[in-house]
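Notes follow once the structure below has been shown.
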Amino acid sequence: MTAARQRILSGVKPTADSLHLGNYIGAVRQWVAMQDQYEAVFFIPDLHAITVDFDPAALATRTRTVAAQYIAAGVDPEKAIFFVQSHVPEHAELAWVLNCLTGFGEASRMTQFKDKTAKSGSDAATLGLFAYPTLMAADILLYQADLVPVGEDQRQHLELTRTLANRFNTRFGETFTVPEATILKETAKIYDLQNPAAKMSKTGESPNGAIQLLEDPKIAAKRIKSAVTDDGTEIRFDAEAKPGVSNLLTIYSSLTGRSIAELEEAYAGKMYGHLKVDLAEVMVDFVTPLRARTAELLDDPAELDRLLAHGAQRARAIASVTLQDVYNKVGLLAPATAGR
Ligand code: ATP
Ligand code: LTN
């Protein structure tokens with residue numbers, strides 16, 4: 001047997017009308033870079049998106065949009081297995097089994113659940129939100145993923161996934177690969193353009209703080225030009241003393257591949273304004289083709305749906321084998337007819 005490539009798996013929820021620059025630099029771009037080296041599984045966790053308040057009309061649109069943006073940004077649906085979570089029923093099925101192996105107290109200790117319920121109150125929190133981490137564990141374990149590239153905020157969910165994999169393997173026999181978290185590079189963290197103390201997010205205070213990748217490139221340029229900068233005039237990377245300028249340098253470096261040191265040198269003696277004007281141009285050159293390619297994909301939803309159906313088919317070929325193994329090991333009686 002030839003040595004199999006390691007498998008990586010990750011997902012991003014369809015909870016906004018467009019990915020923002022932070023999503024791109026912090027996640028998508030790193031996935032794209034990994035799809036050649038690893039056997040990649042990328043998916044859109046739409047079942048996770050309904051664990052919090054959601055708009056049914058927007059959900060389907062957002063799912064297609066996120067899919068298009070991923071492909072436009074370089075995810076290759078031939079190389080990577082790329083699909084929508086709800087198209088592969090094994091996710092919900094394995095999640096149920098894992099729910100039955102997870103302690104109530106154990107799930108109650110998940111900080112994301114605690115944070116979200118603290119915000120909305122426990123009456124607004126659903127069983128679905130409580131079970132978010134076990135559904136995520138199912139996403140990962142179904143594909144026997146070796147590595148899971150995620151942000152620091154997902155570390156605890158990954159730990160639970162490892163615990164559940166080990167628990168299952170110990171109790172029912174070797175079944176799951178125990179995955180490792182690959183925490184995405186912190187250098188790839190992008191901050192809010194109006195408030196560089198906060199990360200750029202879809203729920204930021206001011207819309208001017210984030211660059212939505214589907215917005216008019218002119219608006220993206222304007223947001224860069226009106227970004228909050230710091231006291232002083234010197235253009236240098238110093239996350240503590242100069243969070244605004246440092247954020248702009250990170251973005252600049254990420255999009256052009258020029259190192260921060262090289263940029264500091266190029267802008268020595270220049271004003272913040274110079275940096276912003278140049279970066280605004282870099283931004284326009286970056287978003288313009290990305291946006292055009294996304295629009296092209298969205299213009300042909302049948303083709304996009306075909307790509308996703310193809311991805312779901314490839315995903316199911318793997319997921320159904322794992323689920324069947326799990327059902328057998330747990331002692332669920334196999335139905336007599338062929339297939340399930
Ligand atoms: P929210 O606004 O609810 O915090 P979000 O914008 O952070 O959401 P998520 O769907 O939670 O988006 O994240 C998708 C991916 O993008 C994650 O892997 C996350 O680590 C990454 N990401 C999100 N925001 C940033 C950011 N500002 N910088 C770098 N990476 C980010
Ligand atoms: N919870 C993750 C999204 C997610 C995920 C996954 C990531 C759902 N299932 C499986 C990696 C692997 C988030 O909010 N970023």
Side-chain angles (χ1 to χ4, degrees), residues 7-32 34 40-54 62-63 66 69-70 73 83-86 88 91-92 94-95 98 110-113 115-116 119 128-129 131-162 164 179-205 207 209-213 243 247 250-251 254 315 319:
R7 187 174 281 160
I8 59 161
L9 175 143
S10 199
V12 63
K13 278 173 291 172
T15 45
D17 294 327
S18 170
L19 293 178
H20 58 69
L21 186 71
N23 298 140
Y24 175 76
I25 293 176
V28 189
R29 212 173 53 126
Q30 299 188 51
W31 291 7
V32 171
M34 287 184 271
V41 180
F42 299 135
F43 71 104
I44 303 172
D46 54 347
L47 296 171
H48 277 110
I50 64 171
T51 59
V52 289
D53 198 23
F54 68 100
R62 287 174 167 182
T63 301
V66 175
Q69 286 194 287
Y70 267 75
F83 65 99
V84 175
Q85 185 186 34
S86 65
V88 180
H91 288 247
L94 178 59
L98 297 177
M110 294 291 112
T111 52
Q112 182 175 301
F113 177 74
D115 289 351
K116 290 203 171 166
K119 267 186 215 160
L129 184 64
Y132 184 113
T134 44
L135 178 59
M136 180 162 162
D139 298 338
I140 298 165
L141 299 180
L142 271 178
Y143 300 93
Q144 311 288 2
D146 300 289
L147 300 172
V148 183
V150 282
E152 179 62 41
D153 59 327
Q154 298 300 313
R155 192 191 283 277
Q156 198 188 23
H157 290 160
L158 249 296
E159 269 314 309
L160 178 70
T161 305
R162 290 167 55 83
L164 292 174
E180 299 280 340
T182 317
I183 301 300
L184 294 168
K185 287 193 218 93
E186 267 296 293
T187 46
K189 193 157 193 177
I190 304 302
Y191 295 89
D192 189 292
L193 296 171
Q194 290 302 313
N195 171 18
K199 71 166 194 153
M200 185 179 287
S201 118
K202 51 189 157 247
T203 46
E205 266 165 40
I211 288 181
Q212 304 299 337
L213 300 179
N247 190 35
T250 304
I251 296 172
S254 298

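Both counts, for ligands and for their atoms, begin at 1 and track the order of listing. Predicted model, so just to flag it, every value in this text is computed and none were measured.
A donor-acceptor distance shorter than 3.5 angstrom exists from the side chain of Arg62 to the backbone of Thr15, with no hydrogens or angles considered. In terms of modelled atom types and a separation under 3.5 Å, the side chain of Thr51 and the main chain of Gly128 share no donor-acceptor contact. No donor-acceptor pair closer than 3.5 Å links the side chain of Asn247 to the backbone N or O of Pro196. Formation of a donor-acceptor pair under 3.5 Å by the Asp115 side chain with backbone atoms of Gln112 is not found in this model.
In this structure, ligand 1 sits under 4.0 Å from heavy atoms belonging to Val12, His20, Gly22, Asn23, Gly26, Ala27, Gly151, Ala188, Lys189, Ile190, Lys199, Met200, Ser201, Lys202, Thr203.
In summary, Asp192 and Lys199 do not engage in a salt bridge, as defined by a charged side-chain N under 4.0 Å from a carboxylate O.
In summary, the aromatic rings of Phe54 and His48 are positioned with their centroids too far apart to meet the 6.0 Å limit.
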Enumerate the pairs of nitrogen or oxygen atoms, one from ligand 2 and one from the protein, separated by less than 3.5 angstrom; state names and distance to 0.1 Å.
{"from": "ligand 2", "atom 1": "1 (N)", "to": "Tyr132", "atom 2": "OH", "distance (Å)": "2.6"}
{"from": "ligand 2", "atom 1": "1 (N)", "to": "Gln154", "atom 2": "OE1", "distance (Å)": "3.0"}
{"from": "ligand 2", "atom 1": "9 (N)", "to": "Asp139", "atom 2": "OD2", "distance (Å)": "2.7"}
{"from": "ligand 2", "atom 1": "14 (O)", "to": "Tyr132", "atom 2": "OH", "distance (Å)": "3.2"}
{"from": "ligand 2", "atom 1": "14 (O)", "to": "Gln154", "atom 2": "NE2", "distance (Å)": "3.4"}

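Between Asp17 and Gln212, the side chains place no donor N or O within less than 3.5 Å of an acceptor N or O (distance only, hydrogens not considered).
Of all heavy-atom pairs spanning Ala145 and Pro179, the tightest one is O-CB, 3.4 Å.
The aromatic rings of Phe43 and Phe83 lie parallel to each other, with less than 30° between the two planes, well short of the 60° mark.
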